[in-house]
Amino acid sequence: MDYKKNGNDIILKQPDFDLDQTLDCGQAFRWKKIPTENVTTYEGFFLNRKLLISQDNSAITFHNTSEDDFLNIWSDYFDLNTDYSSLKHIFSQDETLNKACNFAGGIRLLKQDFWEALCSFIISQNNNIPRIKGIIDRMCSHYDCFPTAQMLANETVETLEFLRSGFRAKYIIDAAQKVASGLITENAIRNMDISQARTVLKSIKGVGPKVAECVLLYGLYRTEAFPVDVWIKRVLEKYYPCGFPEFASQYAGIAQQYLFHYIRFADEV
DNA sequence: TTCCAGGCGTATC
DNA sequence: GATACGCATGGA
């Protein structure tokens with residue numbers, strides 16, 4: 001990894017990494033863009049650690065970040081040890097994927113916290129991204145952090161009314177109770193094959209095929225997981241009527257990220 | 001006003 | 001197993 005210390009900051013030179021594309025593409029909901037001149041800046045959290053990160057045309061700066069935190073936490077979170085160039089080279093065999101990678105080649109898969117991903121993607125169902133962010137925002141400011149399963153397990157639909165999460169509140173509570181009681185554990189799911197993991201996740205109320213797939217991909221780094229939402233459904237119908245290419249299956253979830261961004265924002269699609 | 005959003009539970013066949 | 005419908009909320 002090409003990085004250096006600069007005072008309290010870490011300066012990173014990394015190809016295939018664009019902050020806007022990575023932090024504002026609907027995979028994570030707690031990053032806020034900070035208006036700054038000449039650089040792109042975001043503030044966000046992982047494992048209750050706050051990070052201010054910015055990017056100009058030459059490098060990415062991790063502000064007020066120790067080398068330990070950078071190497072042990074953030075390089076993993078931003079998946080810096082994965083070679084996205086070679087992944088995109090594999091994807092480029094397919095015309096649509098090639099276009100999607102060229103459109104936004106700086107997307108990286110964030111290796112998020114399991115519980116936060118589970119809770120966030122339960123909230124995401126039949127919802128739009130700005131409102132998902134709003135609900136999670138209210139949640140985090142109410143508890144002064146992203147609440148643990150234990151914190152949420154004792155709530156009721158009534159006490160969660162401040163979230164304005166609609167019918168999803170009862171699902172959040174069910175997930176919290178199953179995780180807080182130890183009935184469902186991250187560790188157990190990590191050690192399962194993917195179909196078994198899907199079954200366990202779907203035993204949570206409000207977790208169906210799509211949310212389970214998002215938890216596997218974003219919360220457990222199962223890169224073969226392939227979430228299909230309304231946008232990806234359109235991609236599949238339009239470009240892959242005979243199925244998604246087999247050669248990409250091991251990293252289908254990462255391919256899906258490029259396609260999701262492409263179908264939503266590219267003009268010519 | 002109606003439609004839609006990173007879907008799912010339930011009823012019905 | 002497949003299909004139809006309701007669901008909370010808020011922006012377009």
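Just so it is clear: chains get the letters A, B, ... in the order the sequence lines come, proteins before strands, and each one is counted from 1. What you see is a predicted model; the values in this text were computed from it and never measured.
Residues A:Asp20 and A:Lys33 are paired through a salt bridge, judged by an N-O separation under 4.0 Å between the basic side chain and the carboxylate. Under a 4.0 Å N-O distance rule, the pair A:Lys233/A:Glu237 does not qualify as a salt bridge.
Residue A:Lys205 qualifies as open at atom NZ: its count of foreign heavy atoms under 6.0 Å is 12 or below.
Protein atom CD1 of A:Ile129 is 5 Å distant from nucleotide atom P of B:dG6, rounded to whole Å. If you take CG of A:Asn127 and C1' of B:dC4, they are 11 Å apart, rounded to a whole angstrom.
Using C1' as the reference atom, B:dC3 and C:dG6 are 16 Å apart when rounded to the nearest Å. Taking the P atoms as reference points, C:dG10 lies 22 Å from B:dC8, given to the whole Å. Nucleotides C:dC7 and B:dC4 have their C1' atoms positioned 14 Å apart, rounded to a whole Å.
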Contacts under 3.5 angstrom, residues 178-185 of chain A side chains, donor-acceptor by atom type, not counting sequence neighbours:
{"residue": "A:Lys178", "atom": "NZ", "partner": "A:Asp174", "partner atom": "OD1", "Å": "3.2"}
{"residue": "A:Lys178", "atom": "NZ", "partner": "A:Asp174", "partner atom": "OD2", "Å": "2.8"}
{"residue": "A:Lys178", "atom": "NZ", "partner": "A:Ser203", "partner atom": "O", "Å": "3.2"}
{"residue": "A:Ser181", "atom": "OG", "partner": "A:Gln177", "partner atom": "O", "Å": "2.9"}
{"residue": "A:Ser181", "atom": "OG", "partner": "A:Lys178", "partner atom": "O", "Å": "3.3"}
{"residue": "A:Ser181", "atom": "OG", "partner": "A:Leu183", "partner atom": "N", "Å": "3.3"}
{"residue": "A:Thr185", "atom": "OG1", "partner": "A:Ala188", "partner atom": "N", "Å": "3.1"}

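Only A:Arg164, A:Gly166, A:Phe167, listed by number, bring a heavy atom of residues 151-167 of chain A to less than 4.0 angstrom from any atom of DNA chain C. Contacts between residues 251-261 of chain A and DNA chain B, defined by a heavy-atom separation under 4.0 Å, are made by A:Gln256, A:Gln257, A:Phe260.
If you check every strand for non-hydrogen atoms under 4.0 Å, A:Ile132 touches nothing. Heavy atoms of A:Lys133 sit nowhere under 4.0 angstrom from any nucleic acid atom.
Across A:Phe62, A:Phe70, A:Phe17, A:Trp74, a single residue satisfies ring pair (Phe, Tyr, Trp, His ring centres under 6.0 Å) together with A:Tyr3, and that is A:Phe70. The one candidate from A:Leu217, A:Leu216, A:Ile232 that meets the side chain to side chain contact (heavy atoms under 4.5 Å, CB included) condition with A:Phe226 is A:Ile232.
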Scan nucleotides 8-13 of chain B nucleotide by nucleotide, 5' to 3', and note B when protein non-hydrogen atoms come under 4.0 Å of the base, S if they reach only the sugar-phosphate, - if neither. SS----

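Side chain to side chain, A:Asp68 and A:Ser66 fail the donor-acceptor criterion of an N or O pair below 3.5 Å.
Between the side chain of A:Asn126 and the base of C:dA8 there is at least one donor-acceptor pair of N/O atoms closer than 3.5 Å.
When the side chains of ILVMFWY residues are joined at heavy-atom separations under 4.5 Å, either directly or via intervening members, A:Met1 and A:Leu87 end up in two distinct hydrophobic clusters.
Listed by first and then second residue, the ring-ring contact (aromatic ring centres under 6.0 Å, His included) pairs involving residues 204-225 of chain A are A:Phe121-A:Tyr218 (not counting sequence neighbours).
Contact annotation: A:Lys233 side-chain N/O to B:dG6 OP1/OP2 distance is not under 4.0 Å.
Summarising the geometry, atom CD belonging to A:Gln256 is positioned 12.5 Å from atom NE2 belonging to A:His261; distances are rounded to the nearest 0.5 Å.
Residue A:Phe45 shares its hydrophobic cluster (ILVMFWY side chains chained together at separations under 4.5 Å) with no other residue.
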